[in-house]
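Chain A is the first sequence line, chain B the second, and so forth, proteins listed ahead of strands; every chain is numbered from 1. All heavy atoms count here, side chains included; hydrogens, waters and symmetry mates do not.
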Number of protein chains: 2
Amino acid sequence: MTLLAQNPLDAETKAHEHEDGHQTQLRLWLRLLSFSALVESQIRRRLREDFRTTLPRFDLMAQLERADDGMTLNELSKRMMVTNGNVTGLVERLVAEGLVERRPAPKDRRAQFVRLTPLGRRLFQHMAGAHGRWLAVLFSGLDEKEMEEMMALLGKAKLSAREALSRGELEIP
Amino acid sequence: MTLLAQNPLDAETKAHEHEDGHQTQLRLWLRLLSFSALVESQIRRRLREDFRTTLPRFDLMAQLERADDGMTLNELSKRMMVTNGNVTGLVERLVAEGLVERRPAPKDRRAQFVRLTPLGRRLFQHMAGAHGRWLAVLFSGLDEKEMEEMMALLGKAKLSAREALSRGELEIP
DNA sequence: TCCCGATATTTTAGGTTTCAAATATCGGAG
DNA sequence: CTCCGATATTTGAAACCTAAAATATCGGGA
């Protein structure tokens, strides 16, 4: 949301700078950030105004909704791509709100399972419906084919980024 | 009782009513988030390891770098798409690090101009070069044409989202 | 069995971020 | 000139988030 938000004023200024060669990547990255910041801020706002909750809590509940038996904190943090300590705090707050419950893992005394309470599940279904409608509005500029196209490009970019990372291409020479 | 729970009755009615059409948008949104989270986490890591700084600070300096005379906190917060209070704290830390300096606005005693110090400018140029190289690695899966394509789609999506928002399509009916 | 590296979670410290309220100033209407 | 709504910034409270260290447990090998 906060990354290098693009300056709307000089969107087209430096399309022809050859000094570095990385210009297109930067412009694409800025545009991607600026769009996702726009969408994200609207979703945050609506979650707050309509449901008095936050995006991270919604995200966590969305992960839990797919697993009837719940999952461990560790699995949650991997799926949400955030740190363990982060999940600890989020779960704490959701438990306090009665939307989520913890129980010890059956065979591993280090781990805990977390799952939605019936209240949490009911509330999440409300929120998920609204969330889908918001996205429909925010993505209404793209037709089905364009969305598939963009998804393909993102998939390709992500795969290749992962591969480059595993080859250590981002590490200090 | 914080979270909304006022209409448990039509939970399924509404969910069912809108259950169908929004699948592609959701998948696209999740894929976009997952890619940008990947890129973002790598940039954060490299900024920390190579320059002992953070992404928000880099972001703020990037805005300042384009304005020789500096800009006001208010303008900064608009361009970065974050709140005023946020910028206040960031500038505070950057001033403490000697990378940024404030001075009163000439004609408006409410406002302050902020700009890079020579040290800040020098450091930013280093960081921007590295940042460009990181992006080149992370986007290496897309060729020029694909990047332009994705940029066009993002531009279209953003424009239409803005228009939908200005028509109030996201507000409560 | 004991030990040890790996895994799951929490804790700690520091930053980032938002919202809302407070403060100060501006600029125009009357 | 005075008042008043708008604008620029700061402050305070709460949440979010990360990295790194600490704690507890697991599981396998000697």
Side-chain angles (χ1 to χ4, degrees), chain A residues 1-5 33 37 40-49 51-61 70-97 99 102-114, chain B residues 2-3 33 36-38 40-61 70-97 99 102-114:
Chain A
M1 153 84 93
T2 70
L3 302 169
L4 274 175
L33 286 177
E40 215 178 284
S41 74
Q42 295 302 319
I43 293 179
R44 280 180 202 275
R45 183 173 63 84
R46 292 251 61 88
L47 280 174
R48 174 167 37 84
E49 294 181 3
F51 297 103
R52 305 219 161 271
T53 192
T54 65
L55 189 47
R57 295 179 199 199
F58 176 77
D59 283 343
L60 195 152
M61 294 175 75
M71 63 181 77
T72 65
L73 290 174
N74 192 41
E75 197 171 348
L76 261 178
S77 85
K78 273 183 201 139
R79 296 200 191 207
M80 296 176 69
M81 299 194 279
V82 299
T83 59
N84 287 337
N86 190 351
V87 171
T88 295
L90 280 171
V91 167
E92 226 164 57
R93 286 168 217 123
L94 285 167
V95 166
E97 287 172 335
L99 303 175
R102 332 167 74 139
R103 63 200 159 90
K107 306 221 63 143
D108 188 338
R109 272 187 300 174
R110 295 169 301 175
Q112 299 184 54
F113 274 88
V114 182
Chain B
T2 49
L3 297 182
L33 285 179
S36 65
L38 174 63
E40 214 178 286
S41 73
Q42 295 301 319
I43 294 179
R44 279 182 202 277
R45 183 173 64 84
R46 291 253 59 90
L47 280 175
R48 175 167 37 83
E49 295 181 2
D50 298 358
F51 297 102
R52 307 239 155 253
T53 193
T54 65
L55 194 44
R57 296 179 200 200
F58 175 76
D59 193 357
L60 195 152
M61 292 175 77
M71 62 181 78
T72 65
L73 289 174
N74 191 43
E75 197 171 350
L76 261 178
S77 85
K78 273 185 201 138
R79 296 200 189 205
M80 296 175 69
M81 300 193 279
V82 300
T83 59
N84 286 339
N86 189 349
V87 172
T88 295
L90 280 171
V91 167
E92 227 164 56
R93 286 170 217 122
L94 285 167
V95 167
E97 288 172 336
L99 303 175
R102 330 167 76 138
R103 63 201 159 89
K107 308 220 62 142
D108 188 338
R109 270 186 302 173
R110 295 169 300 176
Q112 300 184 54
F113 274 89
V114 181

Open item on the list: Within the 4.0 Å heavy-atom criterion, would you say R57(B) contacts the bases, only the backbone, or no part of the nucleic acid?
Closed with: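 Sugar-phosphate only.
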- [ ] Give R48(B) one of three labels, base, sugar-phosphate or nothing, depending on what nucleic acid heavy atoms sit under 4.0 Å from its own.
- [x]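 Answer is sugar-phosphate: R48(B) comes under 4.0 Å of backbone atoms only.
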Task: Nearest-0.5 Å distance, OG1 of residue T54(B) to CG of residue L94(B) - done: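 Reported to 0.5 Å precision, the distance equals 7.5 Å.
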Task: Spacing of CG belonging to N84(B) relative to NZ belonging to K78(B), to within rounding of 0.5 Å - done: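 N84(B) CG to K78(B) NZ: 8.5 Å, rounded to 0.5 Å.
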Could you state the [atom1]-[atom2] distance from [X] to [N], rounded to the nearest angstrom?
X      : N       : atom1 : atom2 : result
L60(A) : dC17(D) : CG    : P     : 10 Å
Q42(A) : dT18(C) : CD    : C1'   : 15 Å
L90(A) : dT11(C) : CG    : C1'   : 16 Å
R52(B) : dA19(D) : CZ    : P     : 13 Å
M71(A) : dT7(C)  : CE    : P     : 20 Å
R44(B) : dT16(C) : CZ    : C1'   : 8 Å
R45(A) : dT17(C) : CZ    : C1'   : 18 Å
L94(A) : dA15(D) : CG    : C1'   : 12 Å

[N] phosphate, OP1 or OP2, under 4.0 Å from [X] side-chain N/O:
X       : N       : answer
T54(A)  : dT18(C) : no
R93(B)  : dT16(C) : yes
R109(B) : dC26(C) : yes

Task: Smallest separation among heavy atoms of T72(B) and A111(B), with atom names - done: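 Result for this residue pair: CG2-CB, 4.2 Å.
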Task: Minimum-distance pair of heavy atoms, taken over all atoms of P106(A) and F113(A) - done: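 Minimum heavy-atom separation between P106(A) and F113(A): CD-CE1, 3.7 Å.
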Open item on the list: Taking CZ in R52(B) as the centre, count heavy atoms belonging to other residues, nucleotides or ligands within less than 6.0 Å. Is the count above 12?
Closed with: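 No, the 6.0 Å shell around CZ holds no more than 12 heavy atoms from other groups.
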Task: Derivation and outcome, salt bridge (Lys or Arg N to Asp or Glu O under 4.0 Å), residues E49(A) and R46(A) - done: CA-CA 5 Å; E49(A) 294 181 3; R46(A) 292 251 61 88; 3.2 Å; yes
TODO: If a protein heavy atom is under 4.0 Å from the base, mark B; if only from the sugar-phosphate, S; if neither, -; do that for nucleotides 8-14 of chain D going 5' to 3'.
DONE: SBBB---
Open item on the list: Taking salt bridge (charged side-chain N to carboxylate O under 4.0 Å, His left out) as the definition, give me every residue that meets it alongside E97(B), ordered by chain and number, with sequence neighbours left out.
Closed with: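 Partners of E97(B) under the salt bridge (charged side-chain N to carboxylate O under 4.0 Å, His left out) test: R57(B).
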